[in-house]
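Worksheet: the structure to be examined is printed underneath.
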Amino acid sequence: MAQAKSSLRGAPIKITAFSKAVIKWVKKIPRGKVATYGQIARLAGKPGGARGVGWILNSSSEKNDLPWQRVINSQGAISFRPKSAEFQLQKKLLQKEGVEFTTKKSVNLDHYGWKKEPANTRKRNAPKMFD
DNA sequence: AACCTGACGAAGA
DNA sequence: TTCTTCGCCAGGT
């Protein structure tokens with residue numbers, strides 16, 4: 001059972017088109033709003049690269065210049081272990097920006113989610129045609 | 001090159 | 001609604 005070495009934190013990331021795009025988009029998330037990893041990945045050109053986004057934010061030395069706390073998962077929840085220092089920090093930073101938590105670890109994406117484009121394509125609950 | 005971990009996500013059970 | 005499983009991508013060993 002290899003104990004977590006966690007020495008990768010702060011390790012520099014490779015400068016690729018993707019990592020640069022991720023950083024660029026994350027910087028554009030407005031204060032008081034949140035985006036999801038998948039959303040950033042999509043904006044950065046890799047629809048399936050959500051995990052990569054998390055890695056980039058975690059290991060980017062530029063993290064200090066990024067509003068990394070505004071990136072959460074698709075469930076509207078913080079993706080750190082609830083007791084971790086990172087979790088608490090992220091929650092604190094978001095609350096400081098005015099983002100409210102509806103549950104202990106998640107926010108209402110419908111209200112705080114960053115919508116780059118007008119939500120005119122929002123899906124409505126389609127009536128059941130069959131049962 | 002092969003195999004493993006992880007700030008993810010969607011679909012099932 | 002919570003827990004699994006599987007598919008993705010970035011990096012490490």
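Values reported hereafter were calculated over all heavy atoms of this structure, with side chains retained and with hydrogens, waters and symmetry mates removed. Sequence lines set the chain letters: A, B, ... in the order given, protein chains first and strands last, and positions in each chain run from 1. In this text, all values refer to a predicted model and were calculated from it rather than measured experimentally.
Put simply, the side chain of A:Leu89 does not reach to within 4.5 Å of the side chain of A:Phe80, judged on heavy atoms. With a 4.5 Å cut-off on side-chain heavy atoms, A:Ile72 and A:Leu109 count as touching. A heavy-atom distance below 4.5 Å is not found between the side chains of A:Leu94 and A:Tyr112. Between A:Val26 and A:Pro67 there is a side-chain heavy-atom pair separated by less than 4.5 Å. A 4.5 Å side-chain heavy-atom check between A:Ile23 and A:Ile13 finds at least one atom pair inside the cut-off.
Nearest heavy atom pair, residue A:Arg70 against residue A:Ile29, reads NH1-O, 2.8 Å.
Between the CD atom of A:Glu86 and the P atom of B:dG6 there is a distance of 15 Å, rounded to whole Å. Between A:Leu93 atom CG and B:dA7 atom C1' the separation is 14 Å, expressed in whole Å. As a whole-Å value, the separation of A:Asn73 CG from B:dA7 C1' is 9 Å. The interatomic distance linking A:Gln75 (CD) with C:dT4 (C1') rounds to 13 Å, in whole Å. Atom-to-atom, CG of A:Leu43 to P of B:dG9 comes out at 13 Å; the value is rounded to the nearest Å. Taking atom CD of residue A:Gln39 and atom C1' of nucleotide B:dA10, one finds them 16 Å apart after rounding to whole Å.
Taking the ring centre of A:Phe101 as origin, the terminal cationic atom of A:Lys91 falls inside the region bounded by 6.0 Å and 45° from the ring axis.
For A:Ser79 and B:dA7, the shortest distance from a side-chain N or O to OP1 or OP2 is not below 4.0 Å.
Within 4.0 Å of A:Thr36, counting heavy atoms only, lie sugar-phosphate atoms of the nucleic acid but no base atom.
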What protein N or O atoms touch nucleotides 11-13 of chain B N or O atoms at under 3.5 angstrom, if any, and at what distances?
none

Show the distances under 3.5 angstrom between N or O atoms of the protein and N or O atoms of nucleotides 5-10 of chain C.
residue: C:dG7; atom: O6; partner: A:Arg51; partner atom: NH1; Å: 3.2

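Among pairs with a residue in residues 11-37 of chain A, those fulfilling side-chain hydrogen bond (donor to acceptor under 3.5 Å, both in side chains) read A:Thr16-A:Ser19, at least two apart in sequence or across chains.
Between A:Arg81 and A:Glu86, no side-chain nitrogen of the basic residue sits less than 4.0 Å from a carboxylate oxygen of the acidic one, so the salt-bridge criterion is not met.
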